[in-house]
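Proteins come first, then strands; the chains are lettered A, B, ... in the order of their sequence lines, and each starts at number 1.
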There are 2 protein chains.
Amino acid sequence: MSADTAQIEGLDLVELLRARGQRVTSQRLVILRELRRRRLHATAEEILEAVRHDLPGTSIPTVYATLELFVELGLARKIDAGIGAALYDGRTDPHQHMVCRECGRIFDLDGEYGLGSLVEAAERSGFVADGAELVIRGRCADCARARVS
Amino acid sequence: MSADTAQIEGLDLVELLRARGQRVTSQRLVILRELRRRRLHATAEEILEAVRHDLPGTSIPTVYATLELFVELGLARKIDAGIGAALYDGRTDPHQHMVCRECGRIFDLDGEYGLGSLVEAAERSGFVADGAELVIRGRCADCARARVS
DNA sequence: ATTGGTGCAAATCCTTTGCAATAGC
DNA sequence: GCTATTGCAAAGGATTTGCACCAAT
């Protein structure tokens with residue numbers, strides 16, 4: 001992997017890895033770039049597919065390991081949307097998710113709103129929270145419209 | 001299955017099934033009773049284990065089908081806690097869940113708190129919500145204590 | 001008598017593991 | 001050179017499917 005690729009594409013990642021004494025590999029750089037390029041959340045399989053062009057021969061265990069590493073590093077979120085596979089999300093700012101029961105698409109819901117008070121209630125019970133993930137289910141605007149007409 | 005079992009154990013279930021033209025089977029009655037007896041949420045496998053005494057020969061596909069039916073009927077909630085298996089919860093009143101990253105136990109968090117405003121925000125975007133499930137992750141009181149000392 | 005439910009076995013899907021080869025440090 | 005990472009193949013675990021039999025209506 002060339003030095004300039006690292007400098008252009010994955011500055012924070014390189015720093016984080018160095019700080020932990022972990023290695024900077026092309027798989028890690030390319031997978032992070034792909035994750036960030038997407039607007040929508042992706043499954044490990046989708047990332048593998050997308051990355052195949054730049055990194056032929058990449059394997060699915062590597063994709064899983066890399067995505068889990070990113071979650072640990074705070075570079076990604078793992079979303080359990082209740083569709084078969086886990087989704088990985090390059091957005092790390094506070095936002096939640098809406099899953100359409102009909103078309104299966106997943107939408108972002110920006111902002112924190114009242115989530116804080118639930119987490120506070122959790123902490124009042126002695127639980128030390130370090131993450132909260134809300135999944136709202138229902139029908140997306142498109143599917144709701146189609147159903148009425 | 002005897003008539004009185006149905007009357008004692010599963011009144012609402014019987015009515016719901018009749019209304020939909022579905023059959024009242026001993027599996028459905030026993031699995032619902034078991035789900036309601038538990039305080040903690042159970043996996044399909046745990047329900048199967050617990051039900052084996054009253055219903056020898058019950059199969060895991062039946063347990064899954066029955067639990068999914070209950071979710072559809074509003075008699076149970078399915079919780080995707082991010083531990084391998086799905087959990088089924090006989091409590092249907094509003095409450096959320098806390099998952100301990102260390103011991104893996106799952107705790108109830110009662111009340112609605114601010115969840116409503118997030119769901120309202122979802123609806124403002126055109127999404128028609130019919131369910132919301134929050135999973136808070138972190139360390140439970142016991143594990144947090146053990147770690148400090 | 002009909003046909004919806006069930007049990008069984010096997011398939012499928014997602015994710016993880018073991019191990020030899022490779023590449024980053 | 002040392003050892004973390006990788007790729008491969010295979011295992012593992014959860015859930016679903018296909019189909020013949022049974023039991024509720």
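At least one side-chain nitrogen or oxygen of Gln27(A) sits closer than 4.0 Å to the OP1 or OP2 atom of dG7(D). At dG7(C), one or more side-chain N or O atoms of Thr62(B) fall inside 4.0 Å of OP1 or OP2 (strictly under the cut-off). At the phosphate of dT6(D), OP1 or OP2 sits under 4.0 Å from a side-chain N or O atom of Thr25(A).
Between His95(A) and His41(A), the angle of the ring planes stays under 30°, which puts this pair in the parallel group of the 30/60° scheme.
Nucleic acid contact for Glu45(B): none, since no nucleic acid atom lies under 4.0 Å from a heavy atom of the residue. Among the heavy atoms of the strands, none lies under 4.0 Å from Ala65(B). Among the protein residues, Thr43(A) comes within range of no part of the nucleic acid, since none of its heavy atoms lies under 4.0 Å from any strand.
Rounded to whole angstrom, the span from the CG atom of Leu17(A) across to the C1' atom of dA23(C) amounts to 15 Å. We find that CZ of Arg20(A) is positioned 17 Å from C1' of dG24(C), with the value rounded to whole Å. Rounded to whole angstrom, the span from the CG atom of Asp80(B) across to the P atom of dT15(D) amounts to 8 Å. The nearest whole Å value for the distance from the CD1 atom in Ile47(A) to the C1' atom in dT15(C) is 16 Å. Atom pair Ile60(B):CD1 and dT6(C):P shows a separation of 13 Å (rounding to whole Å applied). Rounded to an integer number of Å, the gap from Leu69(A) CG to dT16(C) P is 14 Å. Nucleotide dT6(C) holds its C1' atom 14 Å from the CD atom of Gln22(B), rounded to whole Å. At whole-Å resolution of the value, CG in Leu87(A) and C1' in dT15(C) are 14 Å apart.
Closest approach to the Tyr64(A) side chain among dC25(C), dG7(C), dT16(C) is made by dT16(C) (side chain taken as heavy atoms from C-beta onward). Closest to the Ala85(A) side chain, of the nucleotides dG5(C), dT6(C), dC14(C), is dC14(C). Out of dG7(C), dT15(D), dT16(C), the shortest distance to the side chain of Ala86(B) is found at dT15(D).
Atoms OG1 and CD1, from Thr25(A) and Ile31(A) in turn, are 7.5 Å apart once rounded to the nearest 0.5 Å.
At a cut-off of 3.5 angstrom, counting only N and O atoms as typed in the model, there is no donor on one side facing an acceptor on the other between the side-chain of Arg28(A) and the base of dT5(D). One donor-acceptor pair, N or O on each side, does fall under 3.5 Å between the base of dG4(C) and the side chain of Arg23(B).
Checked options Asp108(A), Leu109(A), Ile106(A), Val135(A); the residue passing with Met98(A) is Leu109(A) (criterion: side-chain contact (heavy atoms from CB on, under 4.5 Å)).
Checking side-chain atoms of Arg137(A) against main-chain N and O of Ala81(A) turns up a donor-acceptor pair under 3.5 Å.
For Arg28(A) against Phe70(A), the heavy-atom pair with the smallest separation is O-CZ, 3.3 Å.
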